[in-house]
J.: 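Below: one structure in structure tokens.
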Amino acid sequence: MEYGDMGNMTFYASEGLSIYDIWKEAIPVKGMGSNYLEPLLKAIDYKKIYIMLGINELGYDQKQTVEAYKATLDKIHEIRPDAIIYICSNLHVTAAQSAKNDIFNNKNIDLFNAEIQKYADQETFFYLDTNQKFNDASGNHGAEYTSDNVHILAKYYAEWAEWFCEN
């Protein structure tokens with residue numbers, strides 16, 4: 001939203017947004033003021049909707065989180081039945097970060113991503129493996145893309161935005 005050009009996309013994003021509070025949190029939306037997700041989805045006839053959530057919930061009960069994720073997908077589809085919904089994988093962390101963290105590691109990220117990928121029916125829901133863009137040869141987040149072993153450096157957001165548009 002801040003560093004990449006995604007055209008006329010509307011972003012509903014905030015630091016720490018969770019699958020558990022996505023419907024309960026009013027978030028500033030550029031040019032629209034603070035909004036809750038449900039009225040925002042009802043107000044605009046979105047044709048494509050991208051969802052990337054779940055990384056902040058890795059420490060929670062995975063079954064419960066996956067069920068909440070599915071409920072969110074179903075609710076979005078109910079509100080916008082004609083929209084294509086893209087389920088975006090959660091990004092990996094670097095090998096160094098993965099090795100030192102019992103929760104936020106690539107094994108847990110892969111397990112969660114595999115669960116949400118199951119909802120991609122190739123008709124309404126499609127899965128985008130965003131890790132393709134930033135993984136190294138070993139399947140970890142490439143260290144050159146980050147300074148904290150987790151988050152992508154701002155200078156790579158334009159490339160990420162381009163990747164989304166191409167894929």
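Values in this document were obtained by computation on a predicted structure and should not be read as measured data. Residue numbers start at 1 and run along the sequence shown.
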J.: Just so I know, are the side chains of Q117 and S89 near enough to count as touching, which here means a heavy-atom distance under 4.5 Å?
T.: no
J.: Taking OH in Y156 as the centre, count heavy atoms belonging to other residues, nucleotides or ligands within less than 6.0 Å. Is the count above 12?
T.: yes
J.: Does a side chain donor of either H151 or D148 reach within less than 3.5 Å of an acceptor in the other side chain?
T.: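 The criterion, which ignores hydrogens and geometry beyond distance, is satisfied for D148 and H151.
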J.: Backbone N or O of V93 within a donor-acceptor pair of the N106 side chain at under 3.5 Å?
T.: yes
J.: Hey, is the main chain of N105 close enough, under 3.5 Å, to the side chain of N101 for a donor-acceptor pair?
T.: no
J.: Side-chain contact, heavy-atom cut-off 4.5 Å: I85 with F126?
T.: no
J.: Tell me if a side-chain donor or acceptor on E57 pairs with a main-chain N or O of I19 at a distance below 3.5 Å.
T.: yes
J.: Strictly by modelled atom types, are H92 and N135 linked by a side-chain donor-acceptor pair under 3.5 Å?
T.: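 Yes, side-chain donor-acceptor contact under 3.5 Å.
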J.: For the pair Y20 and Y60, evaluate side chain to side chain contact (heavy atoms under 4.5 Å, CB included) and give the outcome as yes or no after the intermediate values.
T.: CA-CA 11 Å; Y20 295 110; Y60 291 66; 3.8 Å; yes
J.: For the backbone of I44 and the side chain of R80, can you confirm whether one donor and one acceptor N or O come within less than 3.5 Å of each other?
T.: yes
J.: Would a 4.5 Å heavy-atom cut-off, applied to side chains only, mark Q62 and L111 as touching?
T.: yes
J.: Hey, could you give me the OG/NE2 distance between S98 and H141, rounded to the nearest 0.5 Å?
T.: 12.5 Å
J.: What do the steps show when you test N90 against N131 for side chain to side chain contact (heavy atoms under 4.5 Å, CB included), and what is the final call?
T.: CA-CA 8 Å; N90 288 277; N131 285 297; over 6 Å; no
J.: NZ/K70 to CD1/I87 distance, rounded to the nearest 0.5 angstrom?
T.: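 Answer for the NZ-CD1 pair, K70 versus I87, is 8.5 Å.
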J.: Give a yes or no answer on whether the side chain of D136 reaches the backbone of N140 with a donor-acceptor pair at less than 3.5 Å.
T.: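 Yes, D136 side chain to N140 backbone: donor-acceptor pair under 3.5 Å.
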J.: Go through L128 and Y50 one step at a time and tell me if the side chain to side chain contact (heavy atoms under 4.5 Å, CB included) criterion holds.
T.: CA-CA 9 Å; L128 281 176; Y50 297 79; 3.9 Å; yes
J.: Are any non-hydrogen side-chain atoms of F112 and I116 less than 4.5 angstrom apart?
T.: yes
J.: Can you confirm whether more than 12 heavy atoms, excluding those of Y36, are under 6.0 Å from its OH atom?
T.: no
J.: If we ignore hydrogens and angles and just use 3.5 Å, is the side chain of D61 paired with the main-chain N or O of Q64 as donor and acceptor?
T.: yes
J.: Assert yes or no for the condition that the ring centre distance of Y119 to Y127 is strictly below 6.0 Å.
T.: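 Distance test on ring centres: not under 6.0 Å, no.
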J.: Could you walk me through whether Q132 and W163 pass the side chain to side chain contact (heavy atoms under 4.5 Å, CB included) check?
T.: CA-CA 9 Å; Q132 293 175 16; W163 182 90; 3.8 Å; yes
J.: Kindly indicate whether the side chain of V29, heavy atoms from C-beta on, has any atom under 4.5 Å from the side chain of S34.
T.: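 Counting from C-beta outward, V29 and S34 never come under 4.5 Å.
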J.: What's the shortest heavy-atom distance between Y46 and L40, and which atoms?
T.: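 In this case the closest contact between Y46 and L40 is CE1-O, 3.6 Å.
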J.: Should T124 and I84 count as side-chain neighbours, where that means a heavy-atom distance under 4.5 Å?
T.: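 Of all side-chain heavy-atom pairs linking I84 with T124, none is under 4.5 Å.
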J.: Would the W160 and F164 ring centres measure less than 6.0 Å apart?
T.: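 They qualify: ring centres under 6.0 Å apart.
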J.: Taking atom types as modelled and ignoring hydrogens, do the side chains of T94 and N149 form a donor-acceptor contact shorter than 3.5 angstrom?
T.: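 A pair is found: one side chain offers a donor N or O, the other an acceptor, under 3.5 Å apart.
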J.: Is any side-chain N of the basic residue among K47 and D45 closer than 4.0 Å to the acidic one's carboxylate O?
T.: yes
J.: Are side-chain heavy atoms of I55 and L91 found at a separation under 4.5 Å?
T.: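 Of all side-chain heavy-atom pairs linking L91 with I55, none is under 4.5 Å.
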J.: Does any part of the side chain of E78, heavy atoms only, come nearer than 4.5 Å to the side chain of D74, both counted from C-beta?
T.: no
J.: Less than 4.0 Å between a side-chain N and a carboxylate O, is that true for E115 and K63?
T.: no
